[in-house]
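Atoms within a ligand are numbered from 1 in the order they appear, just like the ligands themselves. One-based numbering along the sequence shown.
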Amino acid sequence: MQRLAPALRQDNVPLDLISLIKTILAATKEISFRVSQAHLGGLMGSTLDENIQGEVQKKLDVVANELFKDILLESGFVRAISSEEEDSSVAGDPEGKFLVSFDPLDGSSNIDINSLIGTIFSIHEAIPGMDAEDPAQFQQPGNKQVCAGYVLYGPSTMLVMTTGSGTHFYVLDRTHGGYLLVDRNVQVPKDTQEFAINMSNQRFWQAPMQNYINDLVAGETGPRGKNFNMRWIAAMVGDIHRVLTRGGIFTYPADNKKPEQPYKLRLMYEANPMSFLIEQAGGAAMTSQGRIMDIQPESIHQRVEVIMGSANEVETCLSYYK
Ligand SMILES: O=P(O)(O)OC[C@H]1O[C@](O)(COP(=O)(O)O)[C@@H](O)[C@@H]1O
Ligand SMILES: [Mg+2]
Ligand SMILES: [Mg+2]
């Protein structure tokens with residue numbers, strides 16, 4: 001099995017980006033270890049603090065964030081970072097060539113039940129001449145990402161990543177400590193009979209999504225004429241990994257549960273990186289209004305509607321909005 005660096009060179013990834021990716025992955029190996037030892041190291045449960053999203057931070061959210069932040073800011077490759085757990089962007093090396101947005105621990109509500117969690121990252125090039133302190137430099141659309149990926153801390157620790165030449169799967173080999181390529185150019189099947197949504201929000205959804213899901217649930221007795229199965233891991237990394245592995249549609253639609261906050265997932269460090277991975281694997285990643293990666297960001301913690309996965313099924317879902 002091919003090691004990470006030769007696999008990236010095969011995709012003509014520039015050396016400085018390979019160095020940054022290696023830096024990111026060094027942090028994920030440490031996080032993977034801390035996660036596996038969390039019970040023993042007193043890292044289960046919550047802190048008393050809330051992040052800027054108004055969510056109570058888990059101890060592991062904070063540990064993973066500090067680990068990731070420190071290793072990136074000291075690397076010399078990074079002009080600034082933005083993180084789910086940081087109020088605003090944090091400046092790094094004024095000469096740093098890259099910007100990194102990340103979700104240090106995705107699926108935090110799964111930590112205490114020892115279920116699937118992960119780390120999500122998105123890399124853009126820094127804008128020449130822009131100040132490392134200026135958060136506006138992050139206002140670049142997803143279609144300008146040079147790399148995106150997630151690491152899934154599951155039975156095995158898996159890296160899923162793209163640099164624009166397809167989406168590849170890697171596994172952390174615990175014997176020599178490196179990520180090995182196990183699946184190159186994965187493809188999301190165009191059609192599926194599996195959907196993922198938090199059904200408990202149903203009464204708060206807009207009518208098109210209500211109708212779409214009702215028809216899935218009606219299965220062969222309804223207009224779709226076939227049965228659909230449902231899955232919800234409550235960690236985007238886990239649900240998207242299933243979609244990349246065997247197809248499916250994943251959606252976190254708009255809802256009016258909290259009218260002032262119609263969307264749940266964050267554009268910069270959840271929706272954009274996952275969209276790049278899904279599109280590079282032949283899937284589609286949309287809101288009901290258009291392509292996620294064409295959205296011009298306005299703020300670091302901006303939330304968006306998410307409908308992504310098997311291309312034909314995403315198209316069918318969107319047809320309910322027409
Ligand atoms: O609690 P819900 O409504 O099931 O939402 C689950 C969603 O929230 C998230 O956990 C949000 O991410 P964080 O855990 O990083 O805050 C997603 O991973 C997941 O898809
Ligand atoms: Mg998340
Ligand atoms: Mg998180």
My understanding is that we take every heavy atom of each candidate and find the minimum distance to atom 6 (C) of ligand 1. Doing that for Gly118, Pro104, Ala196, Ala234, which one comes out nearest?
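Considering heavy atoms of Gly118, Pro104, Ala196, Ala234, the nearest to atom 6 (C) of ligand 1 sits in Ala234.
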Counting heavy atoms only, which of Met236, Glu55, Glu85 comes nearest to atom 20 (O) of ligand 1?
Met236
Between [X] and [Y], do the side chains contain an N or O donor and an N or O acceptor separated by less than 3.5 Å?
X	Y	answer
Thr119	Tyr153	yes
Ser275	Arg291	no
Glu84	Gln53	no
Ser32	Arg174	yes
Ser101	Ser122	no

For Ser109 and ligand 1, answer yes if some heavy atom of the residue is under 4.0 Å from a ligand atom, otherwise no.
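It does not; every heavy atom stays at 4.0 Å or beyond.
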Is it true that Gln53 lies under 4.0 Å from ligand 1, counting heavy atoms only?
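The answer is no, since Gln53 has no heavy atom less than 4.0 Å from ligand 1.
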Less than 3.5 Å between some nitrogen or oxygen of [X] and one of ligand 1, yes or no?
X	answer
Val237	no
Asn201	no
Asp239	no

Can you hop from Leu318 to Tyr320 via hydrophobic side chains spaced under 4.5 Å?
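Yes, because Leu318 and Tyr320 connect within a single hydrophobic cluster, where side-chain heavy atoms sit under 4.5 Å apart.
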Show me the side-chain donor-acceptor pairs of residues 62-70 shorter than 3.5 Å, one per line, residues at least two apart or across chains.
| unit_1 | atom_1 | unit_2 | atom_2 | d |
| --- | --- | --- | --- | --- |
| Asn65 | OD1 | Ser83 | OG | 2.7 |
| Asn65 | ND2 | Glu86 | OE2 | 2.8 |
| Lys69 | NZ | Glu86 | OE2 | 3.0 |

I'd like to verify the contacts: list protein N, O or S atoms under a distance of 2.8 Å from the Mg ion (ligand 2).
Asp103 OD2, Asp106 OD1, Glu270 OE2
Could you walk me through whether Met158 and Tyr179 pass the side chain to side chain contact (heavy atoms under 4.5 Å, CB included) check?
CA-CA 8 Å; Met158 287 192 75; Tyr179 284 96; over 6 Å; no
